[in-house]
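Notes to accompany the following structure.
The figures here come from the full heavy-atom set of this structure, side chains too, leaving out hydrogens, waters and symmetry mates. In what follows, chains carry the letters A, B, and so on, assigned in the order in which the sequence lines appear, proteins first and then strands, with residues in each chain numbered from 1.
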Number of protein chains: 2
Amino acid sequence: MKMLLTVFKALADSNRLRIIAALTQYDELCATQIIELLQVKGASASRQLGILMSAGLVESRRDGRWVYYSFQAPQSDYKSFIEWMKAEFEKSALVQQDIKLLEGITKYAPEELCRRQRGIKCCPV
Amino acid sequence: MKMLLTVFKALADSNRLRIIAALTQYDELCATQIIELLQVKGASASRQLGILMSAGLVESRRDGRWVYYSFQAPQSDYKSFIEWMKAEFEKSALVQQDIKLLEGITKYAPEELCRRQRGIKCCPV
DNA sequence: TACTTATTTAGCTAAATGACTAAGTAATGT
DNA sequence: ACATTACTTAGTCATTTAGCTAAATAAGTA
């Protein structure tokens, strides 16, 4: 039940739940896209992603400097819980709203999102 | 998703998770039995039970001064989540240990448990 | 090699949380 | 009517948590 508690604690935060919901809709998202969705600073998103990784709900892969996150079931017998949760996300207006935001976000190059996040306006001329 | 978050927050505490696990094993338990199981003061147990009730996971009925708590699914479409969680409780050594404790606790009259909790030794002669 | 960039970690602050004690409420017993 | 009892709520304290900024780390670029 230790893992159960860890998983519930990981999901007991609105930003982490949004991350999980988003990651169930895409094969993977990079850190910058998640930062853009949540509208928090990079360090905060990194912290939350770390918690989700510790809980086994998220895994990451590195491609150079870029980190891509994807959803995973922490254990094979969590699959029915995961299916149920996905069904709940389908029904949620807030999650659908986030999905619309992500549709826009994923249209931009991650480099562009990073520049916006660092407060650099437009492409340098 | 607001309810989802509320339910996860309610379950994201070891004592509340133990309460839920216990209540899936009995039709109902009274406050005193839950206090005895958790080994916390009555006010703390009451607080935690209040959180679980707000999340819709627990309901209560009064019989005079005695309050009995029982488990419920917060919503009909939470049933598969509930079934999965019960299956996880079955597998958990900590939950099985709590069930053994409860077997002992439920052998006592609730009045007796209350006296013990108030620090009164044995039956008054 | 030095600089830039994407991400992570450390430390701080404010807010939230869980346990306690004390006080309060409502039901029961005398 | 008063005292007792089973619980609930308020307030306090210690701990935990979530966001921030600043610093650190590692990868890529010039």
Side-chain angles (χ1 to χ4, degrees), chain A residues 5-6 8-19 28-55 58-69 105 108-120 123-124, chain B residues 5-6 8-19 28-55 58-69 105 108-120 123-124:
Chain A
L5 184 58
T6 300
F8 287 145
K9 283 187 175 187
L11 295 169
D13 173 81
S14 61
N15 276 342
R16 293 197 294 271
L17 203 49
R18 288 174 74 193
I19 293 172
E28 62 182 9
L29 291 167
C30 72
T32 291
Q33 292 169 322
I34 294 168
I35 290 161
E36 193 68 18
L37 174 68
L38 299 184
Q39 288 294 299
V40 295
K41 296 298 186 175
S44 301
S46 191
R47 184 70 143 349
Q48 303 294 28
L49 283 155
I51 293 168
L52 292 171
M53 285 178 64
S54 292
V58 156
E59 68 185 343
S60 65
R61 75 171 177 90
R62 255 185 192 276
D63 181 4
R65 297 181 298 203
W66 301 91
V67 185
Y68 293 89
Y69 296 92
I105 289 166
Y108 291 92
E111 290 85 351
E112 173 64 24
L113 295 173
C114 274
R115 281 196 285 274
R116 276 161 49 163
Q117 282 155 18
R118 287 195 275 115
I120 298 171
C123 313
Chain B
L5 183 59
T6 300
F8 287 145
K9 282 186 175 188
L11 295 169
D13 172 79
S14 62
N15 276 343
R16 293 197 293 272
L17 203 50
R18 288 174 73 193
I19 293 172
E28 61 181 11
L29 291 167
C30 74
T32 291
Q33 292 168 323
I34 294 168
I35 290 161
E36 193 68 19
L37 174 69
L38 298 183
Q39 288 296 299
V40 296
K41 296 297 186 176
S44 302
S46 191
R47 186 73 149 342
Q48 304 294 27
L49 283 156
I51 292 168
L52 292 171
M53 284 177 64
S54 292
V58 155
E59 66 185 344
S60 65
R61 73 171 177 92
R62 255 186 192 276
D63 181 4
R65 297 182 297 204
W66 301 91
V67 186
Y68 295 88
Y69 295 92
I105 289 165
Y108 292 91
E111 290 84 352
E112 174 62 22
L113 296 173
C114 274
R115 283 197 283 274
R116 278 162 49 163
Q117 283 155 18
R118 288 195 275 115
I120 298 169
C123 313

Could you write nucleotides 9-26 of chain D as a row of B, S and -, 5' to 3', where a protein heavy atom under 4.0 Å of any base atom gives B, of only sugar-phosphate atoms gives S, and otherwise -?
B--------BBBBB----

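One atom, CD of A:Glu36, and another, C1' of C:dT7, lie 16 Å apart when rounded to the nearest Å. Here C:dA6 presents its P atom at 10 Å from CG of A:Leu113, a figure rounded to the nearest Å. The CG-P distance, from A:Leu29 to C:dT7, rounds to 12 Å in whole Å. We find that CH2 of B:Trp66 is positioned 17 Å from P of D:dT4, with the value rounded to whole Å. When the C1' atom of C:dA6 is taken as reference, atom CD1 of A:Ile35 falls 8 Å away, rounded to whole Å. B:Leu5 places its CG atom 10 Å from the P atom of C:dT17, with the value rounded to the nearest Å. One can place CD1 of B:Ile19 at 13 Å from P of D:dC7, the figure rounded to the nearest angstrom. The CD-P distance, from A:Gln33 to C:dA6, rounds to 13 Å in whole Å.
Looking at residues two or more places apart in sequence or on another chain, you find a side-chain contact (heavy atoms from CB on, under 4.5 Å) between B:Val67 and B:Ser60, B:Arg62, B:Tyr69. Partners of B:Ile51 by side-chain contact (heavy atoms from CB on, under 4.5 Å), not counting sequence neighbours, listed by chain and number: B:Ala10, B:Arg16, B:Gln48. With sequence neighbours excluded, no residue satisfies side-chain contact (heavy atoms from CB on, under 4.5 Å) with B:Ser54. Take B:Glu59 and apply the salt bridge (Lys or Arg N to Asp or Glu O under 4.0 Å) test, not counting sequence neighbours, and it matches no residue. In terms of the salt bridge (Lys or Arg N to Asp or Glu O under 4.0 Å) criterion, residue partners of A:Glu28 (sequence neighbours excluded) are, by chain and number, A:Arg61. For A:Arg47, there are no salt bridge (Lys or Arg N to Asp or Glu O under 4.0 Å) partners two or more places apart in sequence or in a different chain.
When the side-chain nitrogen and oxygen atoms of A:Tyr69 are compared with OP1 and OP2 of C:dT7, none of them lie within a distance under 4.0 Å.
Atom OH of B:Tyr108 is surrounded by 12 or fewer heavy atoms from other residues, nucleotides or ligands within 6.0 Å.
Side-chain contact check for B:Leu37 versus B:Gln33: every heavy-atom pair is 4.5 Å or farther apart.
Contacts classified as salt bridge (charged side-chain N to carboxylate O under 4.0 Å, His left out) and involving residues 32-46 of chain B (residues at least two apart or in different chains) are given here: B:Glu36-B:Arg116.
The rotation axes computed at either terminus of the helix from C:dT1-D:dA30 to C:dT30-D:dA1 lie 10° apart, taking five pairs at each end and rounding to 10 degrees.
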